[in-house]
Structures are given as structure tokens and as C-alpha cells.
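Working notes, beginning with the structure itself.
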Amino acid sequence: MAIETPKYRLLKKDKKIQIRDYESAIVAKTYIADNFKEASSTGFRRIANFIFGGNSKGQNISMTAPVVVTEDYNTNNHEVFFFMPREYEIKTLPKPLLQSVVIEDRSLGKVASISFGGWATEKNIHYNKELLKKYLKKNSYEILDNFMVAQYNSPWAIPPFRKNEILVKIN
């Protein structure tokens, strides 16, 4: 069974780079003040706790992809979020038991993405982020927000089969 991903309309494709327009969605998010690797791990566990029954109804919520982490090396304060399945509305989702997990509507809107395989290491993230920045500058797009790292696979997926993306809101 395929894992649900957020809906978007493809506006432009140029090799590994895409320009997309995302539909608004509900996300479960948390903030972690740590390095990228630790923030990803801790944030994932917090939100996984929520979707695997750590909520007001003790209900399991289907896993979706990707897990998204804001990429903010300057402050070491990262936002980690999961998209909630489309079958839910905010009023029908159970409430997280952890106060550090928040549910909200999120509108990504127009986003540039670049895909890459393997592990989402700091080196791979930096390399692909720079490629995306060069492309956006060359094509006169304005970067509107922090870069995000989207990871689509479970930790057990081996590198040749892993899918990751760098995303950024643009104008």
C-alpha cells in the first residue's frame, strides 16, 4: 500500500528540480533546539508518538511521507513536521498528549524542490541546497523562507532506494 504524500500541482520540471504549487494541508509539528541530525531524530519520535496513539483518543493515525525538517544551521532551532492524512480535518484529529506537538493548517504554496538519493547528511543537504539556490537565482525566483529537508523513507531503507528533497517557498 502506498504511503500518502501531500498534493501539489507541477508547474515546471528541469531535470532534478521542480516548481510546485502545494495544496494546503494539516501538519503535526514540533520544535527542537539541537543540530540537524538530533533534531530530525527527536522530532520524528515526538510526532510518531502522537500518530501511534499518544493522543487524546489513543488512536493510531496513518503514517504519511515525507517527514520535513527546517534546515536552520544558524540557530540550531529546527521545526519538524508530518503531513496528516487528508481524511482528517483539524476538528476531527485527536489532540496530542505531548504539549510540544502542535496541529495546524499549513500552506506551502509555490515551492522549488530538488531531489537526491542516499542519506540526508549535512554534506548532501548542503550540496543540493547550493544547486537549488543557483538554479533559483539564475531563473529569477525569490526565496521566501527557510530551506526544508524532506525525507520519504523509513530508516531501514538502504541508500540506493532512498528519496530526499530540499524544498523552499518561492515567489
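Values below: all heavy atoms of this structure, side chains included; hydrogens, waters and symmetry mates excluded.
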Can you tell me how far [atom2] of [Y] sits from [atom1] of [X], rounded to the nearest 0.5 angstrom?
{"X": "Ser154", "Y": "Arg162", "atom1": "OG", "atom2": "CZ", "result": "6.5 Å"}
{"X": "Phe44", "Y": "Phe81", "atom1": "CZ", "atom2": "CZ", "result": "14.5 Å"}
{"X": "Ile143", "Y": "Lys169", "atom1": "CD1", "atom2": "NZ", "result": "13.5 Å"}
{"X": "Arg86", "Y": "Lys7", "atom1": "CZ", "atom2": "NZ", "result": "5.0 Å"}

Specify the closest pair of heavy atoms between Asn55 and Phe50, including all atoms of both residues, with the distance to one decimal.
ND2-O, 2.9 Å
Minimal non-hydrogen separation, Leu11 against Arg20, with atom names
CD1-C, 4.1 Å
Polar side-chain atom of [X] near backbone of [Y] as donor-acceptor pair, under 3.5 Å:
{"X": "Asp14", "Y": "Ile17", "result": "no"}
{"X": "His78", "Y": "Ser40", "result": "no"}
{"X": "Thr30", "Y": "Gly43", "result": "no"}
{"X": "Asn139", "Y": "Tyr141", "result": "no"}
{"X": "Thr92", "Y": "Tyr88", "result": "no"}

Less than 4.5 Å apart, side chain to side chain, heavy atoms only: is that true for Ile32 and Glu38?
no
When the ring planes of Tyr8 and Tyr22 are compared, do they come out parallel, tilted or perpendicular, using 30° and 60° as the limits?
tilted
If you draw a 6.0 Å radius around NZ in Lys57, do more than 12 non-hydrogen atoms from other residues or ligands fall strictly inside?
yes
